Each structure stands twice: as C-alpha cells, then as structure tokens.
Amino acid sequence: MNQPSVWTGQTVAPGIGLGPAFLLRRERKAVPRLGITDVDHQLQRLDDAIERAAKLLHVHRDRAAKRFGDVIARIFDTHLMILEDEPAFDEIREMIRSEKVAPRFAVYTILEQYAKRFEGQDDTYFQDRAQDVRDVCRRLVNQLDGEADTVLSDIPDEPVVLLAAELNPTDILRLPHKNIIAVATDAGGATSHTAILTRTLGVPSVVGLRNLSKAVKRGDTVVVNGNSGKVIVHPDAEQLKTYQRKQGEYQEFVASLKDICDSRAETEDGHVILLKGNVEMPSEAESVIRHGGDGVGLFRTEYLVLTHGGLPDEETQFEAYRDVILSLKGRPTTFRTFDLGGDKAFPGAGIPAEDNPFMGWRAIRIGLDRPEIMKPQLRAILRAALHGPANLMFPMISTLEELFAAKEILAEVHGDLDADGVEFDRDVPVGMMVEVPSVALLASQFAPHVDFFSIGTNDLVQFTMAVDRGNEQVAGLHQPFNPAVLNLIQMTADAAHMAQIPVSICGEMAGQPLATLLLMGLGLDELSTSPSLVPEVKKLILSSTMVDARKLAEESLRMNTAPQVREHLLEYMKSRFSNLPIWFEPGT
Ligand code: PEP
Ligand code: MG
C-alpha cells in the first residue's frame, strides 16, 4: 500500500481536482542502427508513416482551429511543412537505400542533423525550429513503431490529472482540454508565462513542485489543490473524503458567484472598482464577459507572434484586435504593444539568445529599435479602435526618454495613416506599464504624459526583489507583499491621482484574494486578472468597505517584512470572510 506524500508548490489556478495521474514525458526513445534487406518495403513503410503523421497533424490543426481560431492552428502548419520538406526526406530515403538501415534509424539520424544545425544558430527563431523538427521526428518514429502519434494525444479519453516536468506554451495550446481535471508541474513560478497560460485552461493548477513528476506513476491517484498549492499523491481514504468534500464546497461557491456576474464591483460604502480580465488570445475575450469582467485590462498581444509562428502583418493584427473589440460588446480593451523577449522570445520574432533576457532586449526596447515592428501594430490598433473602445499601452518603460520616443512613433503613425487616407481613431487613450522600479519612483514625472498607468506587479516584484519570476528555486523571494513593493505601488497610485489619471494593476497580484482589500486601500482604481478569478475578487469587493481597505493598507505599509504583511492580511481576511470558502493563504 502506497503512503500518501504531500508536495507544496505555487498556486496558479484555483479549485480542487483529483483523479488518476497522466504523465507527460519527453524522453527520447533509443533508436539503434538496425539493418534491413527489403529496401522497397521499408521505403513504402516510411511513406505510409509520413502519410499517417500528416493526417493526424491535420486533425490536430482542425481541433486547434475550432478551439482557438486559425491563427493558433498555424502552429501545426510548421510541422506539416517539415513533413513536406523534400530535401530532408530525399536524404532519408537515400540513407535507407544506400546504407540499408531501418527507416526509423534514417529518420532519426537525418532529422537530428537538421535539428542540431538549427540549434547551433544564434537566433532563437531557429533554435525553436529545432524543437519542431524533433517533434516531427518523434511523431514519425512513433508511427513507424505503430504507436500513438504524440505524447499529448496519448492522453486517455477519460479525465486525468496532468503531470509534467514542464509545460511550454505550445503544449498548452495543444492539450485536449476536456479530459484534464488539474495540472501540476515541476518547473515554473506562479508568474511565469507558462503558469499564466496554464491558468487559461481553467482547471486547478499548481507549479514549481520540483521533482513531483519523477515520483508519480501513470494511474496513481493525485489531489491537486489549486487554492493552497498542495498536491497529495496516494491520498489515504480520509484525505480523499476530505478533498472530495472541499471540492464540492468550492464548486458550489463558484456556482453561487454566477449571481453576481452582472453586478458592478462596488463596496458596501459605495466605491466602484473596475474588474477586468487579462487575455493572451483573442478567443479568451468571451471568457471575460462570461465571468462578469468590465473589459480587458491587458491584452498580451505578443501571443499573436507565438500563435502565428512569427510576426503577424498589419492586416492579421487588425483582424485579431477588431474581433476582440467586437466580442467585448462595448466594454473597453487595453492593447499592450508587443512585450517580446524575456521568457517570451517567441519563434519568428528574431530575438537573439541572451545571457540575461529579462533585463535585455525586450518589450518597448525592441519596439523603439525596430519601428518596422511597432508601426504596423500601432496602425492595426488605431484602425481596430474604430470598432469600439480601446486603449493602448507600452510595456517595460524604464525612462522618460523611452516614453517620449514611443509617443513620437505613435505621432508618426497618425501622420502616416492620414497621408494614406486610412480611417482610424485618433483619440485612443495612451498609457504605460509601471513594472520597473525606476518608473514607480519617478511616477509623478511620467503621469502628466500618459492617460493611465497599469502596474505590472509580476515584473515590478521581479526587478524590485532581484528575483527571476519563473525560477521555482527562488520563488519565495518573489514577494508581492514586501513593503518595498507596496510602497512603490502606493507611490504610483498617488502620482496617478495627483495627475487625475486612473491606475490599475494587471499583474497576478490583482487576482490574489489576499491582496484585494490591500490594493483597493492603496488606491487602485482597476484590477485586471485572469478572467476566471474575477468573480471571487468581485465577491470580496462587494462584501467589504473602502474604510477597512484603507486602514488595512496603512497598517501594511508600516510593516517591515512580507511575512508580517501576509500574516496581518490573513488574520483580517479570515476573520472577516470566514463564511466564504476562499483560500487566502497558499500552503494551508
Ligand atoms: C506584469 O509584469 O505584471 C505584467 C502584467 O506583464 P507580463 O506578466 O506579461 O510580463
Ligand atoms: Mg511584465
């Protein structure tokens, strides 16, 4: 009988999921050099395998198109293109003929040579192509072995808890979502982009569990508590019963939140906070409405580069932006210009590998150096804005000169559109992200030059605490409740209000129930978070007062350490909201 083991990671998406484990493994198969005598037969086997792999890729492509739209489905076109690469497959056939080796050995040997060549390039675009070539290689070897197409499509047709050492954004887009009860990964911090994407699956998820995937076998019973960050492998009968009960309570609570979907987030003493959703893909806009959001507070447009497999042209972007605006039916959308680089050095963006990418050539730095990337995007946003309310914001601004330079490019784009006789909205509000400490400290100097601030706490905490936001090894130092961070937030909010512009938070902190009152008390006008977290945050706002929120913020600002602030908030929230099954403190 297996003993229960409890693992602790970082919560990414709330809820409780329990069921049999399915492990996503990326181990490479052994491919020994096996000789053959029946060359023609083996060449035929290869052609059949290619045909079957292509058919399956078309199935995946259609599935992705239905779920996410054509733009995302294009990921699979890359794999189809590799399968259709004549020179590579001529080399494979030649090797089978001349060296009389089994097709799987020839496929592996030649495609691995291609992958290595890609890997050796400086540009991350080509490095990522190496991954694609290996994916196609694995598909073909599996076909030749008579096995299922890919590890992902291997997920059984029944509900499972998905465990993996890591998930990359492409995996997440390809998962057959309906069968996934919960997700737990070894790698990742709660604000890593993989974690943010995992949240869009809408199932309980925990990341940063270090070696969990090595300790679990397929079919083992696993409980994932996305509210507390705990994962239990082989729960005993008692634990299973408890978690089934907690799961039921939580589901009931979530269902009860439907009643407040259409209400404004207004405190008992009459203060309204705007609650918006963050989206990575146009198809998620619908989820913002379903969860009662007031609009999209952050559209991470750079994900279009990922799903497009490269930089989309103006027209492709225009269509995506217009579709989001239209699906929001009058609610505003804030479009952030491409925040590429860091852990979003997506294929096709031409971003070279760097030693320190989070602090390297990324976001607005790329936009300013490459107006040929930024200008088509600005044109697309300004044109799409004719179809409904839109805001525009620049990511990762660190100096006033950068802000002025970005606005200069925007002015040039206005001029170009006029010169081209193209209609556009010339009154789109222009804001900026506050996610670098230099900006928060000088917020009063930036505020007169923008229409709004949006605080990106994921990066602001990363840079204030000098802690890699995606590294589970140092996750404990990613402290949004550190008084240093709270002071920077307050300075930003005060500067915004002095200049009479609104200020929002669009980092993951905005969706943390423990932070809701604190952020209101610090003066935030808007919170923007993953759409699925909007109802819980709304419930808290509806049940609280601004007087209490301000008091809580003042007390927190006087504290010295993040644990002290957490403890203080926790005590208050637990006593005040003991009637709600909200997990305020991960780890309990
Ligand atoms: C942030 O840094 O908090 C933010 C919202 O931007 P991103 O997570 O996309 O870097
Ligand atoms: Mg950021």
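For ligands, and for the atoms within them, numbers begin at 1 and follow the listed sequence. As the structure is a computational prediction, the values presented were derived from the model and not from experiment.
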Sidechain-backbone polar pair: E526 side chain, I273 backbone, donor-acceptor under 3.5 Å: no
Ignoring hydrogens and angles, state whether a donor on the side chain of D525 or H497 is under 3.5 Å from an acceptor on the partner side chain. yes
Under 3.5 Å, side chain of Q445 to main-chain N/O of L400, donor-acceptor pair present? no
Salt-bridge test for R300 and D339: reply yes if a basic N is under 4.0 Å from a carboxylate O, no otherwise. no
Should the heavy atoms of other residues, nucleotides or ligands under 6.0 Å from CE of M559 be counted, would the total exceed 12? yes
Which residues share a side chain to side chain donor-acceptor pair (under 3.5 Å) with E435, sequence neighbours left out: none
Assess the side chains of S530 and N278: does a donor N or O sit below 3.5 Å from an acceptor N or O? no
Q490 side chain to L486 backbone, donor-acceptor under 3.5 Å: no
Per-residue contact class, R336 against ligand 1 - non-hydrogen pairs under 4.0 Å: side chain
Test item, K344 contacting ligand 1 (heavy atom, 4.0 angstrom): yes
Is any N or O atom of N458, backbone or side chain, closer than 3.5 Å to an N or O atom of ligand 1? yes
What residue and heavy atom of the protein are closest to atom 5 (C) of ligand 1, and at what distance? C506 O, 3.3 Å
Strictly distance-based, threshold 3.5 Å: is any side-chain N or O of T529 a donor or acceptor partner for the main-chain N or O of L533? no
L298 contact mode with ligand 1 (heavy-atom cut-off under 4.0 Å): side chain
Considering distance alone, does some N or O of R300 sit under 3.5 Å from an N or O of ligand 1? yes
Side chain, backbone, both or neither: the part of M433 lying under 4.0 Å from ligand 1 by heavy atom: side chain
With atom 2 (O) of ligand 1 as the reference point, say which of E435, E280, E508 has the nearest heavy atom. E435
Protein N, O or S atoms lying under 2.8 Å from the Mg ion (ligand 2), listed by chain and number: E435 OE1, D459 OD2
Under 4.0 Å, heavy atoms only, figure out whether ligand 1 is touched by the backbone of D339, its side chain, both or neither. side chain
Is the closest side-chain heavy-atom distance between T334 and F452 below 4.5 Å? yes
Report yes or no: is the cationic atom of R383 (NZ for Lys, CZ for Arg) under 6.0 Å from the centre of the six-membered ring of F318, at an angle within 45° of the ring normal? yes
Subset of ligand 1 atoms that lie under 4.0 Å from at least one heavy atom of R469: 2 (O), 7 (P), 8 (O), 10 (O)
